[in-house]
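This chain uses plain numbering: 1 for the first residue, then up along the sequence. Remember, it's 1-based here, ligands and their atoms both numbered in the order they're listed. Note that this is a predicted model, so its numbers are computed, not measured.
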Amino acid sequence: MPAELLFSGVKPTSTPHLGNYIGALKQWVELQHRYRSIFCIVDLHAITVPQDPKQMLERTLEIAATYLAIGLDPKRNIIFIQSEVHEHAELGWILGTLVKMSELERMTQYKDKAKAKGENVGAGLFNYPSLMAADILLYDTTAVPVGEDQMQHVELTRTIARRFNTTFGETFVVPQSLVQKVGARIMSLQDPTKKMSKSDESALATIMLNDAPDVIRKKISRAVTDSGTGISYDAIEHPAISNLLTIFHHATGKPIKEIEDEFAGKGYAEFKQALAEAVVEMLTPIQNKLNEFKQDPGELMKVLDEGRDKAQEIAAAKLKIVKERVGLGRV
Ligand code: ATP
Ligand code: LTN
């Protein structure tokens, strides 16, 4: 087994979208062959914004089924639900006593969400990075594959790990983020200056992993394009077409240059049609597997039971050391 350990997670706040898949999940499928990996469904993070209790578990299980449907192998990796391993919340509290208010106040995700919510922003959203640091540090993680928007949180995790090590003695491995070069930020199909997000007010902006083929075709045919007609990659001058080219690249594996050549002199309509078919082809096998897991959840439950037990064994051992170092309880 390789010594490197990879940890990542997705919040069960809604059905995952194409941005989540290209920016994060698809990478994991490749990385699982190179790292010992732990993939978590981070439900404690999801409740930092209000969630419908009735839908929470359903969405959590949907993300877990998605992990399996995209090809994460439960025999090689640990797959589990964050709230089922209480050590995460416990270490999150301890790390929250080390992180500074000023550091948390600088987090872009918090600032953006706080701006949207005003006075109603919950303290959980503010403390979010302490819990994320706990997720990562409990497992001696070396690599954290995330989209670009999460790099700042991984950076703060590194700061917290170093601070703990300096204060209480060498305890945590200092992890690194792993961000892929192309596709780290898939943009909205309706506004290429905004990232594709499940909370977008326009339903046409985001392709959900479980969108039916015709819905995918419709969303892509209505995607905004740049003024001019060329199909060439330039994220500054042609942000919309560059985003579509990025998606095309991920759906087909073809280099962007090759796609540009293929569509040189052709119109947007033809390009969009080919792109829609490529996305449908990429997502159909995933959707078929997802339906299988939904119809027969037994296997999924077994994977999550085993994942929880394995994760807990590692997490409990680490937390014991942490508590000893900090002087907490009669451990
Ligand atoms: P929201 O869409 O509500 O802003 P989120 O999708 O960022 O939330 P998660 O579901 O936890 O939150 O994200 C899972 C992973 O997907 C993260 O690693 C995140 O960086 C990545 N990700 C999310 N949106 C995009 C995007 N548009 N492009 C690339 N990666 C993304
Ligand atoms: N904050 C991340 C989700 C997340 C995560 C983690 C990612 C929570 N804990 C640990 C990697 C490692 C997000 O919003 N996507």
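Of the N or O atoms in Pro145, none lie within a sub-3.5 Å distance of an N or O in ligand 1. Here's the thing with Ala24: none of its N/O atoms is less than 3.5 angstrom from an N/O atom of ligand 1. At under 3.5 Å, a nitrogen or oxygen of Gly19, whether backbone or side chain, sits near a nitrogen or oxygen of ligand 1. In terms of polar-atom proximity, His153 is not counted as a contact of ligand 2, lacking any N or O under 3.5 Å from an N or O of the ligand. Here's the thing with Glu148: none of its N/O atoms is less than 3.5 angstrom from an N/O atom of ligand 1. The N/O atoms of Gln150, backbone and side chain alike, include none that comes under 3.5 Å of an N/O atom in ligand 1.
Looking only at heavy atoms of the protein, atom 1 (N) of ligand 2 is closest to Tyr128 OH, 2.6 Å. For atom 9 (N) of ligand 2, the nearest non-hydrogen atom of the protein is Asp135 OD2, 2.7 Å. Nearest protein heavy-atom neighbour of atom 3 (C) of ligand 2: Gly9 O, 3.7 Å.
Contact annotation: for His17 versus ligand 1, heavy atoms closer than 4.0 Å belong to the side chain alone. At a 4.0 Å heavy-atom cut-off, ligand 2 does not touch Val154 at all. Of all the heavy atoms of Leu131, none lies under 4.0 Å from any atom of ligand 2, so neither backbone nor side chain is involved. Both the backbone and the side chain of Ile186 come within 4.0 Å of ligand 1, judged by heavy-atom distances.
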Salt bridge (Lys or Arg N to Asp or Glu O under 4.0 Å) evaluation trace for Glu105 with Lys100: CA-CA 9 Å; Glu105 276 161 1; Lys100 298 183 198 312; over 6 Å; no
Working for ring pair (Phe, Tyr, Trp, His ring centres under 6.0 Å), residues Tyr128 and His45: CA-CA 7 Å; Tyr128 184 112; His45 279 95; 4.3 Å; yes
Lys54 and Glu58: CA distance, side-chain angles, deciding distance, salt bridge (Lys or Arg N to Asp or Glu O under 4.0 Å) verdict: CA-CA 8 Å; Lys54 288 203 196 80; Glu58 219 173 278; over 6 Å; no
From CA spacing to verdict: salt bridge (Lys or Arg N to Asp or Glu O under 4.0 Å), Asp149, Arg185: CA-CA 8 Å; Asp149 59 318; Arg185 214 166 146 79; 5.7 Å; no
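Looking at Gln152 and Gln109, their side chains never bring a donor and an acceptor atom within 3.5 Å of each other. Of the N and O atoms on the side chains of Glu4 and Thr142, at least one donor lies less than 3.5 Å from an acceptor on the other residue.
Across His45, Gln109, Met132, Gln82, heavy-atom proximity to atom 6 (C) of ligand 2 is greatest for Met132. Counting only non-hydrogen atoms, the option in Lys113, Lys26, Lys198, Lys11 that gets closest to atom 10 (O) of ligand 1 is Lys198.
Taking the ring centroids of Tyr21 and His250, they lie at or beyond the 6.0 Å cut-off. Two rings, from Phe248 and Phe271, have their centers less than 6.0 Å apart. Remark: aromatic rings of Tyr139 and His88 are close, center separation under 6.0 Å.
Between Glu148 and Lys195 there is no salt bridge, since no side-chain N of the basic residue sits under 4.0 Å from a carboxylate O of the acidic one.
Atom CE of Met56 has more than 12 neighbouring heavy atoms from other residues, nucleotides or ligands inside a 6.0 Å radius.
Numbered from 1 in the order shown, with element, the atoms of ligand 1 that lie under 4.0 Å from a heavy atom of Met196 read 24 (N), 26 (C), 27 (N). The atoms of ligand 1 that sit less than 4.0 Å from any heavy atom of Arg185 are 28 (N), 29 (C).
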